[in-house]
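Reviewing the structure listed below.
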Amino acid sequence: MKTTLSSAAPAELATEALVAVVLDYCDSSQTAKSKSSQEKQQLKVETSDAAVQAAAADLLSSGEVTCKPFEINLLHKPAQLKAKRLLLVSGGVAKKFTSYDLRRVAGAAARALKARGVRSFAFVAPSGIGGEEAVKAIVEGTCVGNFDPDYYKSDRKDQKIEAVTVIASGDKSSLQKALDEAQIIGESQNFTRDLVNEPSNRMTPTMLGERAKTMAQEVGLKCEVYGADKIKELKMGAFWSVAQGSDEPPALIVMKYEPAGAPEKPVLGLVGKGITFDTGGISIKPADGMEKMKYDMAGGATMIGAMRAIAMLKPKVKVTAIICATENMPSGKAQKPGDVQIAMSGKSIEIINTDAEGRLVLADGLCYARQLGCTHLVDAATLTGAVVVALGYANAGVFANDDAMYERLEKAQAKAGEKMWRLPLDDEYKENIRSNIADMVNSGGRWGGAINAAMFLKEFAEDTPWIHLDIAGTAWMEEQKPWIAKGPSGIALRSLVEFVKSFAS
Ligand code: BES
Ligand code: MN
Ligand code: ZN
């Protein structure tokens with residue numbers, strides 16, 4: 001997608017569609033009951049351009065616009081404008097409207113236009129949000145809206161938005177920088193979504209490794225993909241215990257970003273769960289919904305996509321990504337409940353449930369990251385159904401063994417417009433993963449399941465500052481929304497990129 005910055009008067013811009021945001025400046029002190037909504041509404045188009053205001057005036061006063069978030073109103077041949085169409089996208093109540101909403105509103109506009117066969121548009125940045133922040137939200141939101149997962153439909157229309165112009169005022173060079181960075185981040189998010197979207201027969205661990213390698217070559221990253229021999233040589237007994245049951249070879253993907261001029265420390269370690277299909281293994285999952293387990297490599301794909309963005313944005317900080325990719329299959333070679341495995345760190349694990357495989361591969365991924373010299377760790381994984389019970393589909397789960405790390409992530413996540421919620425890691429929960437025969441069990445049972453899984457990982461992060469993101473509920477959109485298609489979401493990538501950037505400034 002081509003992106004352009006413009007400081008033109010919106011009315012003077014020749015474009016397929018001029019997009020502007022409508023907000024409601026109603027007096028929110030009134031209760032819903034006392035307000036006979038249409039009269040008390042004060043709708044305004046977010047632009048200082050009088051010609052655009054005039055073109056929208058009749059529609060806004062008609063009472064047809066409810067200003068419900070994401071509502072779309074399209075005018076053809078708007079009077080006095082050079083644009084062919086004027087698309088008004090509603091953003092709700094002005095007082096509550098932030099860049100988080102703007103990102104989604106931009107996605108909704110992109111999806112509405114692309115469904116109508118429009119390939120390019122110009123978006124007027126609303127004045128209430130700072131120029132750079134607005135540009136970032138508009139471009140990232142447009143990228144998110146531009147993705148559709150219907151690859152294998154023979155009648156795929158592929159109506160992508162090809163070009164977007166953002167009309168904003170402010171310092172030209174900082175706006176341009178915001179625009180370029182947002183495009184890199186948005187496209188990297190879609191790169192991740194592409195990987196996650198592929199079914200397991202088209203995204204084996206080997207193929208995931210190949211995709212990572214090809215991308216690494218394009219952006220100038222080091223990338224090594226190791227197989228079973230290396231996994232055994234490193235004594236990754238936990239990773240191998242999952243991989244041993246599959247005919248498909250596992251892949252240990254290691255990517256390094258080491259820019260000239262970066263300090264020796266910190267070295268950030270991004271560790272991703274790359275289960276290309278999770279049947280549950282011998283503790284097999286029910287058939288209902290099992291097809292969704294192709295997205296169990298979303299954490300790994302997020303780290304690969306984040307590395308793409310990092311390599312292109314070039315922050316002065318070292319980053320290493322480790323993706324532990326394998327299938328989790330039942331077979332005559334598969335591990336069984338009751339088996340005891342020795343992880344790379346030397347800790348012993350009693351396997352209670354072979355379906356708790358993500359923490360096993362991550363245990364060795366985290367240990368290996370520490371061995372490679374990482375001073376700070378972040379992992380991302382579709383780790384537990386329990387995090388979906390706890391937080392639903394709106395927030396990813398965050399766990400941290402270090403408050404400073406958490407605060408840094410919290411800032412990054414706000415900048416990126418993503419939602420995450422911290423869950424506890426108190427010592428009390430450690431009982432849940434106690435084993436009679438080994439150092440720990442791999443499944444702490446049902447209650448606090450997301451926490452038990454995180455407590456298990458904590459044993460392998462040891463004293464290294466570490467964050468764990470459980471994205472099981474957020475990596476896949478169960479339904480389409482106005483701003484995003486049903487399917488892979490690419491959640492956490494933008495936060496991770498902001499997080500990494502924060503170490504460089
Ligand atoms: N990949 C699943 C978790 C998952 C569930 C991801 C739903 C996306 C949507 C994970 O490997 C798993 O099976 N976890 C088990 C752990 C249990 C056996 C302790 C779970 O959550 O049921
Ligand atoms: Mn599982
Ligand atoms: Zn899994």
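Every heavy atom of this structure was used, including side-chain atoms; hydrogens, water molecules and symmetry mates were not. The model shown is predicted, which means the values in this text are computed figures rather than measured ones. All ligand and atom numbering here is 1-based and tracks the order in the structure.
By the 4.0 Å heavy-atom criterion, R446 is excluded from the residues contacting ligand 1. Distances shorter than 4.0 angstrom occur between a heavy atom of K285 and an atom of ligand 1. Residue W476 places no heavy atom under 4.0 Å from ligand 1. In this structure, R359 has a heavy atom closer than 4.0 Å to ligand 1.
Under the 3.5 Å distance criterion, with hydrogens and angles disregarded, a donor-acceptor pair is assigned to the side chains of E198 and Y152.
Taking the Zn ion (ligand 3) as reference, the nearest N/O/S atom within D278 carries the name OD2. Nearest to the Zn ion (ligand 3), among the N, O or S atoms that E357 has, is OE2. If you look at D278 and ask which of its N, O or S atoms sits nearest the Mn ion (ligand 2), the answer is OD2. Closest N/O/S atom of D296 to the Zn ion (ligand 3): OD2. The atom of E357 nearest to the Mn ion (ligand 2) is OE1, with the search restricted to N, O or S atoms.
The OG1 atom of T326 lies 13.0 Å from the CZ atom of F277; values are rounded to the nearest 0.5 Å. In this structure, CG in D229 is found 11.0 Å from CG in L234, a value given to the nearest 0.5 Å.
In K285, the NZ atom is crowded: over 12 heavy atoms of neighbouring residues, nucleotides or ligands sit closer than 6.0 Å. Counting non-hydrogen atoms of other residues, nucleotides and ligands closer than 6.0 Å to CG of D426 gives a total above 12.
In terms of protein heavy-atom proximity, atom 7 (C) of ligand 1 is nearest to M293 CE, 3.9 Å. Of the protein's heavy atoms, S443 OG, 3.4 Å lies nearest to atom 19 (C) of ligand 1. Looking from atom 15 (C) of ligand 1 to the surrounding protein, the closest heavy atom is D355 O, 4.0 Å. L383 O, 3.3 Å is the protein heavy atom nearest to atom 10 (C) of ligand 1. Nearest protein neighbour of atom 2 (C) of ligand 1, counting heavy atoms only, is D278 OD2, 3.6 Å.
Looking at N353 against ligand 1, only its side chain comes within 4.0 Å, counting heavy atoms. When heavy-atom distances to ligand 1 are checked against a 4.0 Å cut-off, I275 has no atom that comes that close, whether in backbone or side chain.
Ionic pairing of K294 and D278 is not present here: no N-O contact between side-chain nitrogen and carboxylate oxygen is shorter than 4.0 angstrom. In summary, E224 and K230 do not engage in a salt bridge, as defined by a charged side-chain N under 4.0 Å from a carboxylate O. Using a 4.0 Å cut-off between charged side-chain N and carboxylate O, K486 and E479 make no salt bridge. R308 has no carboxylate O lying under 4.0 Å from a charged side-chain N of E218, or vice versa, which leaves the two without a salt bridge. Between R370 and D463 a salt bridge is recorded (basic side-chain N to carboxylate O distance below 4.0 Å).
The nearest N, O or S atom of K273 is closer to the Zn ion (ligand 3) than 2.8 Å.
The two residues Y429 and M455 have their closest heavy-atom pair at CB-CG, 3.7 Å.
Ligand 1 has an N or O atom lying under 3.5 Å from an N or O atom of K273, backbone or side chain. Residue-to-ligand polar distances keep Y295 apart from ligand 1: every N/O pair is separated by 3.5 Å or more. Residue G385 has at least one nitrogen or oxygen atom sitting less than 3.5 Å from a nitrogen or oxygen atom of ligand 1, judged on distance alone. The shortest N or O to N or O distance between E357 and ligand 1 is below 3.5 Å.
Tested against D148 for a side-chain hydrogen bond (donor to acceptor under 3.5 Å, both in side chains), the candidates R156, K160, K114, Q159 yield a single pass: K114.
Between F503 and F499, the two ring planes are perpendicular [angle over 60°; tilted spans 30° to 60°].
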